[in-house]
Amino acid sequence: MNPKIFVGIDELTAVLKSNKIFTEGLKNWTQKAESMIAEFSRLANLERIFGKKKDLDGKPPQGYATAYQYGDNPFYFAVAYHPSCPNMGVIVKFSAYSWAVYCQRGRTNIKRFLLSIQSKSYSVRLSRVDFTVDYQNWDISVNDIYHKLDKKCLEIHNHKGEVNHSEINAYETNGKASTFYVGSRKTGTRLFLRVYDKKAEQMEQRGFRYKEALNTKSWVRFEAVFKGKYAHQLTDIIMETGEEKLNTLIANKVTEKYRFYDLKNKKYTDFTTALLEKSKEVFPRLRLESTRDNDFMSSLMHLVYGSGLFPALYKCDEIWGDESSMSLLQSLHDIYKEDYVPNDDVRLWLKKHKDTLEKQSLKDDLELLRISRIRKEQKEPA
């Protein structure tokens, strides 16, 4: 059997956000969320492709409460929101199986999907996308790659030639690894790699690609999982990429982060070299701008936790009604615009940090602020 390389997308998650949630808060959020779901369902042709909308039979996506599925299918697909957390938006979660079926029945791909669901009612971006590289009929094994990494015969480099020092964990049976991970899978992780025996998985589980597995001599999958800010950036990159270049984009992004380097021969492995051949195209690099060298986020944290602003808003609403806190915020904003004069410290801070922060998204910082607040509340005793 001839060795083959296939690239693709496994599972993905998208989030729909209303542009009004920051001003309206909880007001009419449930109604708005249901309206967004109806709009998304119509644009994505969910009922035609999957079936009628109904309450989700299984577990909602983590952190969400009200969830729906479409039709009765042998795969996981959910659209959900939390009635008390409008800033979390509406989540759309495809499993690998449901995404494959959606693309097949809808004759679509990730680019067409993102284009088709654009709406004036909400903004949309990916919060997770898994890029896959399948090596079928290659003379490689998960166990061999893992033990060469463990024995320092192989290194993982990025596109700059920098060594990836992430922790590597494997699932072993009788000393033989069938799966290993590069990097952490914990909540908040933006990137990790899973390498596993796809043929064995499909054979053991009789998965939806079982027949394909039967017709391969071997099948090793490399699955790069991009989350958070990386997934946000990939949303924009995919939207700007022609359909004919999507496979090249996938190969490019995997090799941007993961290149297996043979320390003995001083060159990339054959499987990495072959993938690099598929990635010869210029795409924007994924980046992570750090806010650790400035105190903008800490200032926001102080407003939430230490300044007394939220208690003041709560007292205002309790005394004069739910709309009074908005009046208070508007009055504070008016005072700021009319009377505030920045001092030299503020001007120096802007001179140092403005160029860096302009490249980042304020929405992302506000989302981090919301997540940190939820985590703090969960850790505090009742």
Side-chain angles (χ1 to χ4, degrees), residues 1-12 74-75 95-101 103-104 109-110 129-157 164 168-183 192-225 246-280:
M1 295 182 178
N2 295 326
K4 301 176 182 178
I5 302 179
F6 300 101
V7 298
I9 292 176
D10 195 56
E11 68 175 83
L12 64 86
F75 50 67
S95 67
Y97 192 178
S98 63
W99 176 245
V101 171
C103 289
Q104 182 182 36
N109 56 41
I110 185 66
V129 60
D130 298 7
F131 285 170
T132 61
V133 182
D134 290 322
Y135 292 93
Q136 293 186 353
N137 308 321
W138 279 67
D139 187 21
I140 58 175
S141 74
V142 175
N143 183 64
D144 184 51
I145 296 170
Y146 169 69
H147 283 290
K148 284 182 178 180
L149 286 168
D150 188 50
K151 294 175 181 178
K152 310 301 180 185
C153 297
L154 291 179
E155 285 182 341
I156 301 175
H157 295 178
N164 186 321
I168 300 176
N169 295 297
Y171 289 102
E172 295 184 80
T173 303
N174 298 323
K176 186 175 182 180
S178 59
T179 300
F180 69 84
Y181 291 88
V182 180
F192 66 87
L193 178 72
R194 179 189 180 202
V195 181
Y196 63 103
D197 189 330
K198 185 69 175 178
K199 178 181 175 72
E201 178 212 54
Q202 291 296 297
M203 298 292 286
E204 291 169 6
Q205 300 179 8
R206 295 191 69 88
F208 70 96
R209 299 182 73 175
Y210 174 76
K211 290 183 179 179
E212 184 179 354
L214 282 175
N215 294 317
T216 62
K217 179 181 178 182
S218 64
W219 184 355
V220 175
R221 167 168 285 190
F222 290 68
E223 194 169 279
V225 178
L246 287 176
N247 286 345
T248 307
L249 171 63
I250 293 171
N252 179 273
K253 290 303 142 199
V254 175
T255 55
E256 178 180 328
K257 298 299 183 182
Y258 301 106
R259 302 181 181 191
F260 288 74
Y261 184 77
D262 189 319
L263 289 168
K264 180 180 179 180
N265 298 321
K266 304 297 181 183
K267 63 180 183 180
Y268 292 128
T269 61
D270 290 344
F271 58 85
T272 288
T273 300
L275 188 59
L276 284 167
E277 286 295 317
K278 286 183 167 289
S279 66
K280 290 183 176 179

message = Just so I know, are the side chains of Tyr146 and Val195 near enough to count as touching, which here means a heavy-atom distance under 4.5 Å?
response = no
key: Side-chain (Ser218) to main-chain (Trp138) donor-acceptor, under 3.5 angstrom   = yes
inquiry  = Is it the case that the ring center of Phe222 lies less than 6.0 angstrom away from the ring center of Phe271?
reply    = yes
ask   = If you measure from the Lys or Arg side-chain nitrogens to the Asp or Glu carboxylate oxygens, is any gap between Arg221 and Asp10 under 4.0 Å?
value = yes
query = Short question: side chain of Lys253, backbone of Phe131 - any donor-acceptor pair under 3.5 Å?
reply = no
request  = Would you confirm whether Thr255, through its side chain, and Leu276, through its main-chain N or O, come within 3.5 Å as a donor-acceptor pair?
outcome  = no
remark   = Smallest heavy-atom separation, Val220 atom then Ile140 atom, equals CG2-O, 3.9 Å
message = Looking at Asp134 and Ile5, would you say the former's side chain and the latter's main chain have a donor-acceptor pair under 3.5 Å?
response = no
ask   = Judged by atom type as modelled, is there a donor-acceptor pair below 3.5 Å linking the side chain of Thr272 to the main-chain atoms of Thr269?
value = no
message = If the threshold is 4.0 Å, N to carboxylate O, is there a salt bridge linking Lys267 and Asp262?
response = no
Whether Gln202 side chain and Arg209 backbone form a donor-acceptor pair below 3.5 Å = yes
inquiry  = Looking at Ala170, is its backbone amide N or carbonyl O close enough to the side chain of Tyr181 to form a donor-acceptor pair, meaning the two atoms are under 3.5 Å apart?
reply    = no
task = Check each of Trp219, Tyr196, Tyr210 against Glu201 using the side chain to side chain contact (heavy atoms under 4.5 Å, CB included) test, and report the only one that passes.
result = Tyr196
query = Mind checking whether His147 and Glu172 have side chains closer than 4.5 Å, heavy atoms only?
reply = yes
Within-4.5 Å side-chain heavy-atom neighbours: His157 and Tyr258 = no
ask   = Would the number of heavy atoms belonging to other residues, nucleotides or ligands and lying under 6.0 Å from CG of Asn143 be above 12?
value = yes
